[in-house]
Amino acid sequence: SQITVQKTSPTFFQIISTDYLAQNFFVMIFGGWAIFGIDALFEGHFTTALAIFAAILTPCGLLTFFWRYNLIVSTFVNGVELIGRVTEIKSFDKDQIIHYQYEFNGQHHQYRNRVKKNAYAKKLRQGQQVTLLAHEKTPHIAFIKEIYLEYI
């Protein structure tokens with residue numbers, strides 16, 4: 001009999017509260033309509049240009065968000081765990097850009113990812129080893145496991 005190990009992947013909430021790109025793409029879905037509605041409230045009428053803007057922004061947000069969301073989930077579910085090393089951290093008010101390098105199938109890769117500062121991300125230091133997940137189809141992209149599985 002074969003034993004299947006269920007790999008842990010981040011929840012929808014963990015992804016939108018951690019991943020900078022996913023969060024911004026998610027906001028794109030509704031952002032245009034929020035601006036449209038707020039403008040209509042203050043101006044007393046609807047602005048056609050803003051309605052068109054929102055109508056364009058929504059499908060773009062949906063497509064890019066689901067691309068990023070699926071990339072993260074499929075990397076966690078179907079990817080391979082490997083060890084990487086943090087090479088640089090650029091810190092901002094609420095988030096940080098983490099640069100790291102790793103080897104996957106004998107090839108050296110470097111990746112940088114902008115994430116929200118959660119408990120795990122705040123403790124990262126340059127030169128530190130981290131557990132990454134990368135997928136054979138996208139070896140040039142890797143995610144730091146603990147950042148995405150952290151609870152805010």
Side-chain angles (χ1 to χ4, degrees), residues 6-82 84-102 104 107 109-126 128 130-152:
Q6 179 60 43
K7 287 192 181 177
T8 309
S9 73
T11 64
F12 179 84
F13 179 76
Q14 283 173 317
I15 290 172
I16 61 170
S17 63
T18 302
D19 191 77
Y20 181 81
L21 285 177
Q23 190 176 75
N24 285 299
F25 294 151
F26 186 74
V27 168
M28 272 175 67
I29 299 167
F30 309 102
W33 296 109
I35 293 166
F36 173 74
I38 292 166
D39 178 70
L41 261 156
F42 286 104
E43 296 296 324
H45 61 87
F46 294 110
T47 307
T48 308
L50 285 179
I52 293 167
F53 172 71
I56 293 168
L57 208 58
T58 298
C60 290
L62 279 166
L63 287 170
T64 53
F65 172 73
F66 282 109
W67 163 78
R68 184 71 177 178
Y69 178 83
N70 287 328
L71 174 69
I72 293 166
V73 170
S74 69
T75 301
F76 271 80
V77 173
N78 305 310
V80 178
E81 270 192 24
L82 32 108
R85 186 170 303 281
V86 176
T87 55
E88 186 183 351
I89 299 170
K90 288 182 180 158
S91 210
F92 300 94
D93 187 29
K94 291 185 177 150
D95 46 71
Q96 57 198 109
I97 299 174
I98 304 165
H99 297 250
Y100 39 94
Q101 59 189 24
Y102 56 99
F104 188 63
Q107 293 219 305
H109 295 280
Q110 289 184 11
Y111 191 67
R112 72 174 186 273
N113 196 13
R114 188 167 185 162
V115 294
K116 295 292 161 189
K117 285 184 184 172
N118 61 25
Y120 185 84
K122 284 178 191 173
K123 287 185 261 179
L124 284 176
R125 297 292 173 254
Q126 190 173 328
Q128 183 177 335
V130 286
T131 304
L132 303 174
L133 284 148
H135 193 283
E136 283 183 4
K137 292 178 185 169
T138 53
H140 58 288
I141 299 171
F143 300 104
I144 298 175
K145 182 180 180 179
E146 286 81 3
I147 289 178
Y148 284 84
L149 297 178
E150 180 80 44
Y151 281 96
I152 306 298

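The structure displayed is predicted, hence computed values, not measured ones.
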- Task: Decide yes or no for Trp67 and Leu63: does some side-chain heavy atom of the first lie under 4.5 Å from some side-chain heavy atom of the second?
- Result: no

- Task: Report yes if some heavy atom in the side chain of Ile147 is under 4.5 Å from a heavy atom in the side chain of Leu124; otherwise report no.
- Result: yes

- Does the side chain of Arg125 reach to within under 4.5 Å of the side chain of Lys123, using non-hydrogen atoms? no

- Item | Closest contact, heavy atoms only, Ala134 versus Ala142 | CB-CB, 4.1 Å

- d(Lys116 NZ, Tyr20 OH) to nearest 0.5 Å is 6.5 Å

- Message: Under a 3.5 Å distance rule, please check whether Gln126 uses its side chain to pair with a backbone N or O of Thr87 as donor and acceptor.
- Response: yes

- Message: Is the ring pair Trp33/Phe36 parallel, tilted or perpendicular, if the boundaries are 30 and 60 degrees?
- Response: perpendicular

- Query: Within the distance-only criterion (no hydrogens, no angle test), does the side chain of Glu43 pair as donor or acceptor with the backbone N or O of Ala40 below 3.5 angstrom?
  - Reply: no

- Item | Donor-acceptor pair between Ser91 and Lys117 side chains, under 3.5 angstrom | yes

- To the nearest 0.5 Å, atom CD1 of Ile98 lies from atom NZ of Lys90 at 12.5 Å

- Taking all atoms of both residues into account, what is the closest heavy-atom pair of Leu132 and Gly84, and its distance? CD1-CA, 3.7 Å

- Query: Between atom CG of Leu133 and atom CG of Leu82, what is the distance when rounded to the nearest 0.5 Å?
  - Reply: 7.0 Å

- Message: Classify the ring geometry of Phe12 against Phe26: parallel below 30°, tilted from 30° to 60°, perpendicular beyond 60°.
- Response: perpendicular

- Item | Atom pair CG (Leu62) and CZ (Phe25), whose distance is rounded to the nearest 0.5 Å | 12.0 Å

- Message: Quick check: do Asn113 and Ile144 have side-chain heavy atoms less than 4.5 Å from each other?
- Response: no

- Message: Looking at Ile29, is its backbone amide N or carbonyl O close enough to the side chain of Thr58 to form a donor-acceptor pair, meaning the two atoms are under 3.5 Å apart?
- Response: yes

- Message: Do Arg114 and Phe92 form a cation-pi contact, if we require the NZ or CZ to be under 6.0 Å from the six-membered ring centre and within 45 degrees of the ring's axis?
- Response: yes

- Query: For Tyr120, does the OH atom have more than 12 heavy-atom neighbours from other residues, nucleotides or ligands under 6.0 Å away?
  - Reply: yes

- Between Gln14 (side chain) and Leu149 (backbone), is there a donor-acceptor pair under 3.5 Å? yes

- Point-to-point distance, once rounded to the nearest 0.5 Å, from OG of Ser17 to CD of Glu150: 10.0 Å

- Message: Ignoring hydrogens, what is the shortest heavy-atom contact between Pro139 and Phe104? Give both atom names and the distance.
- Response: CB-CD2, 3.3 Å

- Item | Passing option when Tyr148 is tested against Asp19, Asn118, Thr75 for side-chain hydrogen bond (donor to acceptor under 3.5 Å, both in side chains) | Asp19

- Which heavy atom in Ile16 sits nearest to a heavy atom in Gln23, and how many Å separate them? O-NE2, 3.0 Å

